[in-house]
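Below is one structure, written out as structure tokens; comments come after it.
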Amino acid sequence: MGLHDSRGVPVSTTSRAALDRYEAAAERLHSYFRDPLAEIEAALAEDPGFVMGHCLRGTLMALATEKAAEAPLRQSVEAAEALAAGANERERGHIAALRAWLDGDFAGAVEAWGRVAEAWPRDGLALQAAHLGDFYLGHTQLLRDRIARALPSWDEAVPGYGYILGMHAFGLEEAGDYRAAEATGRRAVALQPRDPWAIHAVAHVMEMQGRLPEGVDWLTGRTGDWAPDNMFAFHNWWHLALYHLDLGETATVLRLYDEAIRPQPSPVALETLDATALLWRLHLRGVDAGGRWAELAETWAPMAEDGYYAFNDMHAMMAFVATGRDADAGRLLAAQARSAAAGGTNAAMTAAVGLPVCRALRAFGAGDHAAAVELLAPVRAVAHRFGGSHAQRDVLNLTLVEAALRSGQADVARALAAERTEAKPGSPFNWRLTARALRLGGDEVGAVVAEVRANG
């Protein structure tokens, strides 16, 4: 007979010490504080046959979304599969999810985690893995609904309830229900102040609504709850930088980049992705980032031919374009073409979004802004298919409107800028885009009015 964890979910291990270590690792994963890998390795040292220990370790590798994690993921999958005969049904569900991910069926893996969560709705690992998987695959509605399915099985008496509310808050935000998202996120933070994901969900609401000073206050007032010794801190720093960027405070943005977002080189794709996305936004605005680009391009270069996850490829292309590394850009496009023909979830993501986006970025870098518009415009409607949040994918809209401005397409630029000011009228940057578009079309009066709006 096995044991049950603190939420009443069954595990096949009989080692209480291993289970305690597992729970500590799961807490670290939910909160992103400190490294859960060391804790789960300690759990496996207590009980090498601990199936869920291997599953948690494998989940950490899968959710890294990079090819460098494939070898340790394989080790975890094979170790868990060797123990499957003695595993319980829930654990076999986790093993199936990890095998699917290893085989390139990311969508199948996420559905497998989702089925586990439906049968055992208090399985926090299955919920978090499915939630993050939905995020990586751009399953906007499922980000909300998959967590909603489990909520009736949770309440304040169940350990970790705040984390589940934080996930639901993010799903509500991505589904466009900003009022419910903010209320749920704030409740999650009230229950568990040190929940960077819930704090981040509220930050997303403020980003999407253009509540820039509020966003700055929200994040800076809680820095102690999400920044120190936290694996997710780089992303919340990125959100803080976005507020300052929209306000036109580029010196502050660069300071945050140097001190918090990219204080030192990192080979981790998720961290490199955010740093790249921020510098590209500055690049579009004509801000010189100095030598910062070179480090990012060097970091992306070994991954140029991985063809592992299309969302990563887009950011690698940005770095290659910004640094003039056209040979690396060519290698990346060739790898994407191979990926698109290879099968698996990333093939569909790459074919539908990744390839046209990377071709558009390369054209933009070559000065062919009309081609960039032609390639990017049809992608907007399906861009969610290669993952990321609305805030992250907004870089495509920013690139598109800038390409329209630079190619003299005044009507396109005006329409795209109008979209932005309607959605976020509190954004000075959006009004400056509008002024540029109106001036390009010969509407000087309208441009002056837009500039007045930009200046408050």
Side-chain angles (χ1 to χ4, degrees), residues 28-38 60-61 63-66 68-69 128 131-132 135-136 163 166-167 170 173 185 189 194-204 206-207 215-216 218-246 249-250 252-283 289-300 303 309 311-312 314-316 318-319 322 387-395:
R28 291 185 179 189
L29 178 57
H30 292 327
S31 68
Y32 301 92
F33 280 99
R34 299 183 295 168
D35 183 4
L37 183 59
L60 293 174
M61 299 303 131
L63 297 178
T65 64
E66 56 180 285
Q128 188 171 13
H131 184 64
L132 292 174
F135 167 70
Y136 292 142
Y163 297 129
M167 294 180 212
F170 181 63
E173 179 276 323
V189 173
R194 286 167 63 81
D195 181 358
W197 190 261
I199 292 169
H200 141 272
V202 177
H204 265 272
M206 295 175 178
E207 166 67 23
V216 171
W218 171 254
L219 287 178
T220 57
R222 290 164 178 78
T223 304
D225 288 330
W226 59 261
D229 197 24
N230 192 268
M231 296 188 300
F232 193 64
F234 70 91
H235 188 68
N236 278 333
W237 285 120
W238 179 81
H239 274 283
L240 180 59
L242 289 191
Y243 298 137
H244 288 292
L245 188 58
D246 240 10
E249 298 164 355
T250 55
T252 300
V253 172
L254 289 171
R255 177 180 60 78
L256 287 169
Y257 182 96
D258 293 337
E259 296 178 2
I261 297 167
R262 196 74 172 177
Q264 58 192 14
S266 169
V268 176
L270 289 170
E271 295 180 16
T272 307
L273 183 154
D274 272 356
T276 304
L278 185 59
L279 288 197
W280 184 260
R281 284 166 168 80
L282 289 167
H283 181 69
R292 296 174 182 87
W293 272 119
E295 182 270 316
L296 293 178
E298 283 294 318
T299 301
W300 284 119
M303 295 182 261
Y309 179 46
F311 198 67
N312 290 351
M314 173 181 73
H315 292 85
M318 289 173 181
S389 66
H390 293 300
Q392 288 176 308
R393 292 192 301 271
D394 190 42
V395 74

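For the single chain, residues carry numbers from 1 onward in sequence order.
The distance between the ring centers of Trp293 and Trp300 does not fall below 6.0 angstrom. Under the 6.0 Å cut-off for aromatic ring centres, His131 and Trp197 qualify, their centroids lying closer than that. Side-chain rings of His315 and Phe311 approach one another, their centers coming within less than 6.0 Å.
Annotation: the span from Asp274 atom CG to Leu279 atom CG amounts to 11.0 Å, rounded to 0.5 Å. Considering CG of Asn236 and OG1 of Thr220, their distance stands at 12.0 Å, rounded to 0.5 Å. Residue Phe232 holds its CZ atom at 14.0 Å from CH2 of Trp237, rounded to the nearest 0.5 Å. Once rounded to the nearest 0.5 Å, the distance linking CD of Gln264 with CD of Glu295 reads 10.0 Å. Taking CD1 of Ile261 as the reference point, atom CD of Glu271 lies at 11.5 Å (rounded to 0.5 Å). With rounding to the nearest 0.5 angstrom, the CG atom of Leu240 is 7.5 Å from the OG1 atom of Thr223.
Residues Phe234 and Leu270 are in side-chain contact: their nearest non-hydrogen atoms beyond the backbone lie under 4.5 Å apart. Counting heavy atoms from C-beta outward, Leu278 and Leu242 have side chains that approach closer than 4.5 Å. Between Val189 and Trp218, some side-chain heavy-atom pair lies under the 4.5 Å cut-off. You'll find the side chain of Arg194 stays beyond 4.5 Å of the side chain of Asn230, heavy atoms only.
Side-chain N or O atoms of Tyr257 include none that pairs as donor or acceptor with a backbone N or O of Ala289 at under 3.5 Å. Arg34 places no side-chain N or O within donor-acceptor distance of the main-chain N or O of Arg28, the cut-off being under 3.5 Å.
The two residues Thr65 and Asn312 come nearest to each other via the heavy atoms O-ND2, 2.8 Å. Pairing each heavy atom of Pro196 with each of Ser31, the nearest pair is CD-O, 3.2 Å. Scanning both residues, Ser266 and Thr299, for their nearest heavy atoms gives O-CG2, 3.4 Å. Met303 and Pro267 make their closest contact through CE-O, 4.1 Å (heavy atoms, listed as atom of the first residue, atom of the second, distance). Minimum interatomic distance between Tyr243 and Leu219 (heavy atoms only, all atoms of both residues): CE1-CD1, 3.8 Å. The two residues Leu296 and Arg262 have their closest heavy-atom pair at CD2-NE, 3.6 Å.
In this structure, Asp258 pairs ionically with Arg292, as a charged nitrogen and a carboxylate oxygen lie closer than 4.0 Å.
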(request) Apply side-chain contact (heavy atoms from CB on, under 4.5 Å) to the pair Met61 and Leu37, showing each step before the final yes or no. (result) CA-CA 10 Å; Met61 299 303 131; Leu37 183 59; 4.0 Å; yes
(request) May I have the step-by-step check of side-chain hydrogen bond (donor to acceptor under 3.5 Å, both in side chains) for Gln128 and His30, ending in yes or no? (result) CA-CA 8 Å; Gln128 188 171 13; His30 292 327; 2.6 Å; yes
(request) For the pair Leu273 and Gln392, evaluate side-chain contact (heavy atoms from CB on, under 4.5 Å) and give the outcome as yes or no after the intermediate values. (result) CA-CA 10 Å; Leu273 183 154; Gln392 288 176 308; 3.9 Å; yes
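The aromatic rings of Trp238 and His235 lie parallel to each other, with less than 30° between the two planes, well short of the 60° mark.
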